[in-house]
Each structure stands twice: as C-alpha cells, then as structure tokens.
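Throughout, numbering of the chain's residues begins at 1 and tracks the sequence. Both counts, for ligands and for their atoms, begin at 1 and track the order of listing.
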Amino acid sequence: MDSQQFREAAISSLDQIIIYYETIEDRRVTPTVEPGYLRKLLPEEAPQEGEPWADIQKDIEAKIMPGITHWQSPNFLAWFPSSSSYPGMLGEMWSTAFTGAAFNWICSPAVTELETIVLDWIARAFNLPPCFLSTGPTNGGGVIHGTTSEAIATVMVAARDKYLREATAQITDEDEREDAIALRRGRLVALGSTATHSATKKAAQIAGVRHRAVSVRAEDGYAMTGKGLRETIEALRGRGLEPFYLTATMGTTDVCAVDDMAGIAEVLAELAPPGQKGEIWVHVDAAYAGSSLVCPEYNTVLTTHFDRFHSFNTNLHKWLLVNFDCSVLFVRSRRDLTDALSVTLPILQNAATDSGLVTDYRDWQIPFGRRFRSLKVWFVIRSYGIAGLRSHIRDRVALAEGFAAMVRERSDLFEIVAGPVFALTAFKMRGRGEGASLDEQNELTKKMYERVLADGRIFLSSTVVGGTFAIRHNPTAVLVREHHVKPHFDILVEAAEKTLAEA
Ligand code: PLP
C-alpha cells in the first residue's frame with residue numbers, strides 16, 4: 001500500500017467508522033454467531049497474493065461485524081465499560097504512526113516526558129496525595145500500564161522484593177542471604193478480600209507467593225473492614241506466615257464496594273507500621289471507580305487515606321473516555337519499582353540514562369518495549385478539559401440514579417441488592433408475594449436475565465453476591481443518554497412480568 005492508496009483507504013475507513021458510531025444503536029448489541037463461525041467464512045490458507053483494500057474493507061461488515069459485541073452501543077450496560085472517544089481514537093492513530101518500542105527516554109524523549117507530565121496532571125486532578133507526583137517528597141510518580149492486572153502484578157513483585165530485601169538486610173554473607181530469602185519467600189502472603197478482583201490472586205501466582213482473602217459480609221456492604229483484615233493478619237502470623245502485600249479496592253467488581261480505607265490504615269499502623277521493616281504494601285485497585293476522582297465530590301472524601309498507602313491505579317479506558325488500553329499506576333517510591341525490575345544490558349547503555357536525569361519507564365513495568373499511550377490521554381484531557389471529564393462522570397451517575405429510582409418504583413417486581421454507586425446498580429426480582437425465599441428469587445432473576453439476553457435489545461451482566469443472583473446495570477457506555485434509560489427499564493419490566501406469568 002503506497003501513501004496515495006493509504007490516503008484513500010484511511011479516508012474510506014474513517015467514513016465507515018463514523019457511520020458505525022452514528023448508527024451503532026440500530027445493531028443488535030450482542031452477536032448471535034455460534035463458536036467457530038469465522039473459520040467457516042475465511043479461507044483455510046493465507047492468501048498468496050496481496051488483495052485490494054476495497055476487498056478487505058468489505059469483509060469488516062461481512063465477516064467481522066457478525067462476531068462483534070458492540071461495547072460502544074448505548075444498549076451495552078454490562079460489566080464495566082470500555083470507553084471510546086474521537087480524541088482517544090486520534091491518539092491511537094498518532095501513536096500507531098509513531099510506532100516504536102520506547103523502552104528508554106532516549107528511544108523518543110517525547111514518549112517519556114509526555115507520560116510523566118499527563119500523569120502529574122491526573123494525580124492533581126484526582127486529588128491524589130503529593131507522594132504520587134513525580135515531583136513529590138517521596139520520589140514517586142506515575143506510569144501507564146495496559147491493564148490493572150499488569151499494574152497489580154508489577155507492584156506485587158516490587159512489594160515482594162522490598163520486603164525480602166529489608167527482612168534480610170542485616171545478613172552480610174551473600175550465600176546466607178540468598179538462603180534466607182528463599183526460605184522467607186515460601187512464607188509470604190499477598191492479601192485481598194473475597195470481593196477483590198481475581199487480578200490479585202493471579203498476580204500472587206505470577207509472583208510465586210501465597211494468596212489469602214479477607215472475608216467480606218453483606219452487613220458491611222461487601223467491603224473489607226479493618227477488623228476483618230486484623231483477624232486475617234493475626235491468623236496468618238500465628239501460623240508463621242508473613243503477609244507483605246494487600247490490595248484494597250475502591251469499587252469492587254460485583255457491586256462497587258469501597259474497602260474501609262481508614263480501618264485498613266489504622267490496623268496496619270498498628271500491625272505493620274508504614275515506613276518500617278515488615279510493613280505491608282497497600283495497593284489501591286480503583287480499576288473502574290477511580291475515574292470518578294476527577295470530581296471533587298468524590299476525591300475530597302475518597303483519597304483521604306491514600307497518603308498512607310504505597311500505590312494506586314485506575315483504568316482510564318474504563319470510565320474516562322480514553323480508548324483501551326490505559327491503566328494509570330502511581331507509586332509513592334519509584335525506587336521500589338526500579339529496584340525490582342531494573343535491567344542492565346550493554347546495548348541499553350546511553351548517556352541520558354547514565355546522567356540520572358531521565359526516566360526509563362522500562363524499569364517501571366513488566367514488558368520491555370512500550371507504546372505511546374500518553375498521547376491519547378493528552379488528547380482526551382485537552383479536548384474535554386477537566387470540566388468536560390467531570391460532566392461525563394456526573395451525567396452517568398445521574399443516569400444510574402434515574403434507573404435506580406425506576407427500580408424502586410416497581411418494588412412489586414424488583415429489589416435493589418446494591419447501589420446505585422459509581423453508576424452501578426445491582427438488582428434482583430422480588431418474587432411472588434411478600435415472603436419469596438432467596439432460592440425462588442434467584443431462580444426467577446436468572447430466568448428473567450436469560451430472557452433479556454435472548455431478546456438481545458440490551459445487554460447486562462450478572463453476578464452472585466452473598467448467595468444472591470443479581471443483575472448489574474451500568475449505563476456508562478459513552479453513548480448512553482437519558483432517553484435510553486426508560487426504554488431499557490421497560491424491557492426489564494416486560495421480561496420480569498413474562499417470567500412471573502410463566503412461573
Ligand atoms: N480490578 C477491578 C476492581 C476490576 O473491576 C477489574 C475488571 O473489571 C480488574 C481489576 C481487571 O482489570 P484489567 O482488565 O484492567 O486487568
């Protein structure tokens with residue numbers, strides 16, 4: 001493809017993409033294809049000769065589109081969103097145009113410098129404590145990872161190495177020290193709660209440490225409490241194990257619960273004081289709900305105890321108009337990351353790195369090469385402004401509140417299980433009469449949910465919390481508007497009434 005052919009293909013693709021977005025609502029939100037559908041539509045072998053773009057483009061609609069779930073549709077209310085915006089897409093386009101594996105500052109200084117600057121902007125906009133700024137008092141700072149899972153695996157490795165390094169610092173003999181580290185490694189425990197996303201357990205598997213979950217209870221809104229954490233730490237220590245890391249969640253995946261940050265900080269101040277040997281590294285996983293911190297009504301309250309923690313991350317690609325992938329991770333001490341992840345090879349030697357004046361982000365992450373992700377963040381922030389980003393969050397919170405009010409009005413049919421919080425409402429069917437058992441409610445809600453999925457006009461996800469089967473409603477896809485909420489609710493009412501009639 002030469003530049004003229006690229007121009008034509010790109011303009012034509014752009015037209016199609018805009019039409020796709022403008023008419024996305026007319027498409028069924030979920031595909032109806034059977035597993036293996038695509039193999040039947042594509043040739044057994046790769047083409048020997050190149051094909052014209054026009055033929056390739058036709059196959060987007062004919063072959064790919066039938067297997068696409070339209071995450072950007074206003075009828076997509078499932079899981080958490082994967083946001084998209086035109087400035088975000090332009091950022092991806094430019095990033096692709098500049099393609100390079102910018103592992104060091106020297107690889108493309110703008111890639112590193114823009115990332116540091118926009119992450120400081122975000123830290124300030126989110127009211128994060130100064131320890132997470134690149135210019136802050138603890139030599140911390142931010143870095144962009146692809147996903148929360150990567151961010152958690154990375155900080156857990158940093159926490160593990162920091163803990164072991166400090167625990168064995170007094171041993172001067174190298175062999176003895178290695179033996180002591182190997183012995184202690186087997187005792188290390190990474191903690192989350194039973195409501196923490198599986199990313200923490202997976203990170204423990206990757207880091208080669210044990211994993212334990214603090215139990216959460218319905219009475220506490222499925223949030224981890226200081227009391228629960230204390231019991232778990234004391235029980236583990238009683239068995240000779242060493243908790244060294246904790247994921248505290250702001251906005252759990254099932255119901256968007258916020259762990260009791262004050263309680264957690266207090267218990268750790270007593271059992272594993274920050275800044276001292278044996279401290280427990282606390283990472284705040286705010287994968288989805290973190291974007292709400294752009295609004296003062298959230299950030300003045302929710303960040304209160306963050307200065308007592310070690311790291312924080314949120315996926316801007318979930319709720320802040322940045323296209324996938326973009327997880328911003330902030331650490332209070334960048335040294336903890338680089339001590340664990342720094343690599344030195346002769347081929348990497350350069351004057352800028354040697355000067356100590358630049359950041360080489362390869363040492364802040366698991367992969368070596370890295371994409372120019374900060375460009376899309378920069379485009380989004382500049383296009384919307386912080387005010388526009390706040391409106392985006394507030395509008396979606398208002399949509400969820402409107403939806404929850406409708407659910408409450410039909411208390412003959414429905415009951416709210418959790419929320420609305422961070423624009424998420426979990427609800428279930430109430431069942432016939434006053435005294436329907438939980439089993440009956442679960443059975444009815446499942447049937448109703450399957451009916452909604454089969455109908456295909458809207459797409460929601462479900463979960464099970466405290467034994468309750470609940471449907472999750474999350475109207476944060478970028479194109480959802482107020483006029484969608486009532487028709488969506490009517491579909492749910494229709495499904496509930498039909499399910500009851502058949503019961
Ligand atoms: N943490 C929480 C609270 C989540 O809700 C999710 C996904 O929804 C994750 C972690 C995993 O995110 P990622 O796909 O970015 O690894």
- Item | Atoms in ligand 1 with a heavy atom of G251 nearer than 4.0 Å | 3 (C)

- Looking at ligand 1, does S327 have a heavy atom less than 4.0 Å from it? no

- Query: Any idea which protein heavy atom is nearest atom 5 (O) of ligand 1, and the distance to it?
  - Reply: T253 OG1, 2.9 Å

- Message: Test your reading of the structure: does N315 have an N or O sitting under 3.5 Å from an N or O of ligand 1?
- Response: yes

- Nearest to atom 11 (C) of ligand 1 by heavy atom, K202, H145, H197: which? H197

- Task: For side-chain contact (heavy atoms from CB on, under 4.5 Å), just list the numbers for M250 and M261, CA-CA rounded to whole Å, side-chain angles, deciding distance to a tenth of an Å, and then say yes or no.
- Result: CA-CA 9 Å; M250 177 189 150; M261 303 294 172; 4.3 Å; yes

- Query: Would R373 and D325 pass as an ion pair if we require N to O under 4.0 Å?
  - Reply: yes

- Task: Can you pull out the closest protein heavy atom to atom 16 (O) of ligand 1? Residue, atom name and distance to 0.1 Å, please.
- Result: S149 OG, 2.5 Å

- Pick from I152, N313, T314: which one makes a side chain to side chain contact (heavy atoms under 4.5 Å, CB included) with L329? N313

- Task: Assess R124 against W121: is NZ or CZ under 6.0 Å from the centre of the six-membered ring, and within 45 degrees of the ring's axis?
- Result: no

- Task: State whether R335 and D339 are salt-bridged, where the test is any N-O pair (Lys NZ or Arg NE/NH1/NH2 against Asp/Glu carboxylate O) under 4.0 Å.
- Result: yes

- atom 7 (C) of ligand 1: which protein heavy atom is closest, and how many Å away? K318 NZ, 3.5 Å

- Pair R371 + E92, salt bridge at N-O below 4.0 Å: yes

- Message: Can you tell me if D285 contacts ligand 1 (heavy atom of the residue under 4.0 Å from the ligand)?
- Response: yes

- Query: Within 45° of the axis and under 6.0 Å from the centre of the six-membered ring of F80, does NZ or CZ of R472 qualify?
  - Reply: yes

- Message: I need the atoms of ligand 1 closer than 4.0 Å to a non-hydrogen atom of F80, numbered in the order shown.
- Response: 5 (O), 8 (O)

- Message: Set out, in order, the CA-CA distance, both residues' side-chain angles and the distance that settles side-chain contact (heavy atoms from CB on, under 4.5 Å) for T303 and L293, then state yes or no.
- Response: CA-CA 8 Å; T303 61; L293 295 177; 4.0 Å; yes

- Message: Please check whether T148 reaches ligand 1 - meaning an N/O of the residue sits under 3.5 Å from an N/O of the ligand, judged on distance alone.
- Response: yes

- Assess E150 for proximity to ligand 1: is some non-hydrogen atom of it under 4.0 Å away? no

- Query: Non-hydrogen atoms of Y288 versus ligand 1: any pair closer than 4.0 Å?
  - Reply: no

- Interfacing atoms of ligand 1 (cut-off 4.0 Å, heavy-atom, T147): 13 (P), 15 (O), 16 (O)

- Query: Between E450 and K446, is there a salt bridge with N-O shorter than 4.0 Å?
  - Reply: no

